[in-house]
Participant: 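One structure is given below, represented as C-alpha cells, and several questions about it will come after.
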Protein chains: 2
Amino acid sequence: MLKTEEIVQIMSKQGLRITDQRRTLAKLFAESAGYLSPKDVYEYMCQHYSGLSFDTVYRNLRVMQELGALEQIMFEEGVKFKARCSEDHHHHHLICLTCEKTYPITFCPMKLTDVPDQFQVVKHKFEVFGYCKDCLATEAEGLSVPSSTAVEISK
Amino acid sequence: MLKTEEIVQIMSKQGLRITDQRRTLAKLFAESAGYLSPKDVYEYMCQHYSGLSFDTVYRNLRVMQELGALEQIMFEEGVKFKARCSEDHHHHHLICLTCEKTYPITFCPMKLTDVPDQFQVVKHKFEVFGYCKDCLATEAEGLSVPSSTAVEISK
DNA sequence: CTACCTGCAAACTTTTTGCAGTCAA
DNA sequence: TTGACTGCAAAAAGTTTGCAGGTAG
C-alpha cells in the first residue's frame with residue numbers, strides 16, 4: 001500500500017495543491033488497512049476539521065481516484081476507497097469480510113482460463129472473501145468488537 | 001438462464017401473487033441476455049403499463065432477488081439484475097462490456113489458489129470482462145448501434 | 001497575485017416508506 | 001372476501017454543482 005508521502009507526491013506532481021485536509025486524507029488512507037466509504041472518510045475527517053462539508057470529501061476522493069492514488073471498489077453497500085497497492089506487478093486480493101483488510105494473492109487465474117470462441121478479454125476480477133486470522137481470533141475470544149476499519153491517526 | 005415459467009413458479013411457490021406486471025417482469029428477465037438496471041426495467045415496463053411507478057419496480061426487483069429468481073450485481077454504474085443462472089453447478093462468467101451478455105466459464109480458480117495462513121474462505125468472485133464475438137462483429141461493420149440489452153417482448 | 005480549494009446551499013439521482021384504493025386467489 | 005399488490009406522494013440517502021470567499025504556491 002502507498003505511504004502518506006507517496007500519496008502526497010502523486011497529488012503534488014499532478015499539480016494539486018497540498019492542503020492540510022488533503023495531507024490528512026493521504027495519511028488516513030496510508031494507515032488504513034481496509035476499505036473506507038465516503039461516510040467513513042467524512043466522519044473521520046470531521047474529528048479534525050469542524051466545518052467540514054461532505055461535498056469536499058467527495059471532490060477529493062474523486063480527484064485522488066482519478067489521479068490513481070486511490071482505488072475505488074463497489075461493494076453491496078456502496079462505493080468504497082483505499083490507497084492504491086504499491087506492488088507494481090499484477091495481483092489479486094483476499095478480502096476480510098469483517099475488517100475489510102486485504103491480502104495479496106500472487107496467483108492469477110487468467111492464464112489458465114479457457115476463453116471461448118473469439119471473446120476479446122479486456123480485464124478480469126478475482127476476489128476471495130472470508131475472515132482473516134486476526135478477526136477469527138477476535139471472534140474466538142468472544143469479543144463483540146470487530147477490529148474497526150477506522151484508524152487512530154495523530155494529526 | 002431461467003425461463004419465464006420457472007421464474008413465475010419460484011414466485012408462486014413462495015406465496016407471491018402473480019400479477020400481470022410480475023409475469024411481464026419474469027418474461028423480460030427470461031428473455032434478456034444481459035444485465036438490467038432498475039431504470040432499464042422501469043423504462044421497459046412503462047411501455048406496457050402507463051401509470052407505472054418506480055417504487056413498484058424496486059419492490060418487485062427486491063422481492064424477486066430475495067426469492068432467488070434474480071441475481072443482483074454491482075457495476076461501477078450501479079446495481080443491475082438478471083435472471084438467476086439455471087445451471088446448478090458452480091461456474092463463473094465472461095461478461096461482454098458492450099451488450100453485458102454473459103457466457104459461462106466452467107473453470108474455477110479457487111481450487112488452485114493458495115490461501116495464506118488461516119484465512120477462512122467464505123466466497124469468491126471471478127469475472128472476466130471483454131467483448132463478445134457478436135459485438136466485435138457489429139463494431140467491425142462500422143455500425144454505431146451496439147446490440148441493446150433491452151429486448152422486444154410480445155405481451 | 002492568481003488559480004485552485006473549501007464551505008454553503010441547493011439541485012439531482014437513486015431508493016425507501018406510509019397510505020388508501022385495487023385485485024389475485 | 002381478504003390480504004397482498006399497486007400508484008401516489010413524500011421522505012431519506014447518496015452524490016453533484018454553482019458560487020463567493022479563502023489560501024497554497
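Note on naming: letters A, B, ... go to the chains in the order of the sequence lines (proteins, then strands), and numbering restarts at 1 for each one.
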Participant: Closer than 4.0 Å, any side-chain N/O of B/R22 to the OP1 or OP2 of D/dT6?
Facilitator: yes

Participant: How close or far is atom P of C/dA24 from atom NZ of B/K13, stated in whole angstroms?
Facilitator: 22 Å

Participant: Side-chain N or O of B/Q21 less than 4.0 angstrom from OP1 or OP2 on C/dC23?
Facilitator: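 Negative; the distance criterion is not met.
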
Participant: The side chain of A/L16 is closest to which nucleotide in this list: C/dC5, D/dC5, D/dG25?
Facilitator: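 Ranking C/dC5, D/dC5, D/dG25 by closest atom to the A/L16 side chain puts C/dC5 first.
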
Participant: Nearest-Å distance, CD1 (B/I18) to P (C/dA25)?
Facilitator: 6 Å

Participant: Can you tell me if A/E76 has over 12 outside heavy atoms packed within less than 6.0 Å of its CD?
Facilitator: no

Participant: Does a side-chain N or O from A/T19 land closer than 4.0 Å to OP1 or OP2 of C/dT6, or not?
Facilitator: yes

Participant: What is the distance from OH of A/Y49 to P of D/dT23, rounded to the nearest Å?
Facilitator: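 Distance check: A/Y49 OH to D/dT23 P gives 13 Å.
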
Participant: Find the distance A/R17:CZ to C/dC1:C1' and express it as a whole number of Å.
Facilitator: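 Roughly 10 Å, once rounded to whole Å.
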
Participant: Measure the shortest side-chain to side-chain distance between B/P38 and B/L61 over non-hydrogen atoms and say whether it is less than 4.5 angstrom.
Facilitator: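 B/P38 reaches B/L61 side chain to side chain.
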
Participant: Are a donor atom and an acceptor atom from the side chains of A/Y44 and A/S32 found within less than 3.5 Å of each other?
Facilitator: no

Participant: Students often mix this up, so state it plainly: with edges at 30° and 60°, are the rings of B/H90 and B/H92 parallel, tilted or perpendicular?
Facilitator: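 B/H90 and B/H92: perpendicular rings.
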
Participant: Check the hydrophobic clustering (I, L, V, M, F, W, Y; side-chain heavy atoms under 4.5 Å; chains of links allowed) and say if B/Y103 and A/F126 are grouped together.
Facilitator: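 Per the 4.5 Å side-chain linkage, B/Y103 and A/F126 are co-clustered.
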
Participant: Using heavy-atom distances to pick each residue's nearest nucleotide on DNA chain C, tell me which of B/G78 and B/S12 is more 5'.
Facilitator: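 Final value for this comparison: B/G78.
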
Participant: A/K39 NZ to D/dA12 P: how many Å, rounded?
Facilitator: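 Atom NZ in A/K39 sits about 14 Å away from atom P in D/dA12.
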
Participant: Rounding to an integer number of Å, can you tell me how far B/Q14 CD sits from D/dC5 C1'?
Facilitator: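 After rounding, the gap between these two atoms is 17 Å.
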
Participant: Going by number, which of residues 53-71 of chain A have a non-hydrogen atom under 4.0 Å from DNA chain C?
Facilitator: A/S53, A/D55, A/T56, A/R59, A/N60

Participant: Is there a side-chain hydrogen bond (donor to acceptor under 3.5 Å, both in side chains) between B/Y49 and B/T56 once you walk through the steps?
Facilitator: CA-CA 12 Å; B/Y49 305 91; B/T56 304; over 6 Å; no

Participant: What is the distance from CE of A/M11 to P of C/dC5, rounded to the nearest Å?
Facilitator: 10 Å

Participant: Could you tell me the separation between the CZ atom of B/F75 and the C1' atom of C/dT14, rounded to a whole number of Å?
Facilitator: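 Rounding to the nearest Å, CZ of B/F75 and C1' of C/dT14 are 18 Å apart.
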
Participant: Which of parallel (below 30°), tilted (30 to 60°) and perpendicular (above 60°) describes A/H91 and A/H89?
Facilitator: tilted

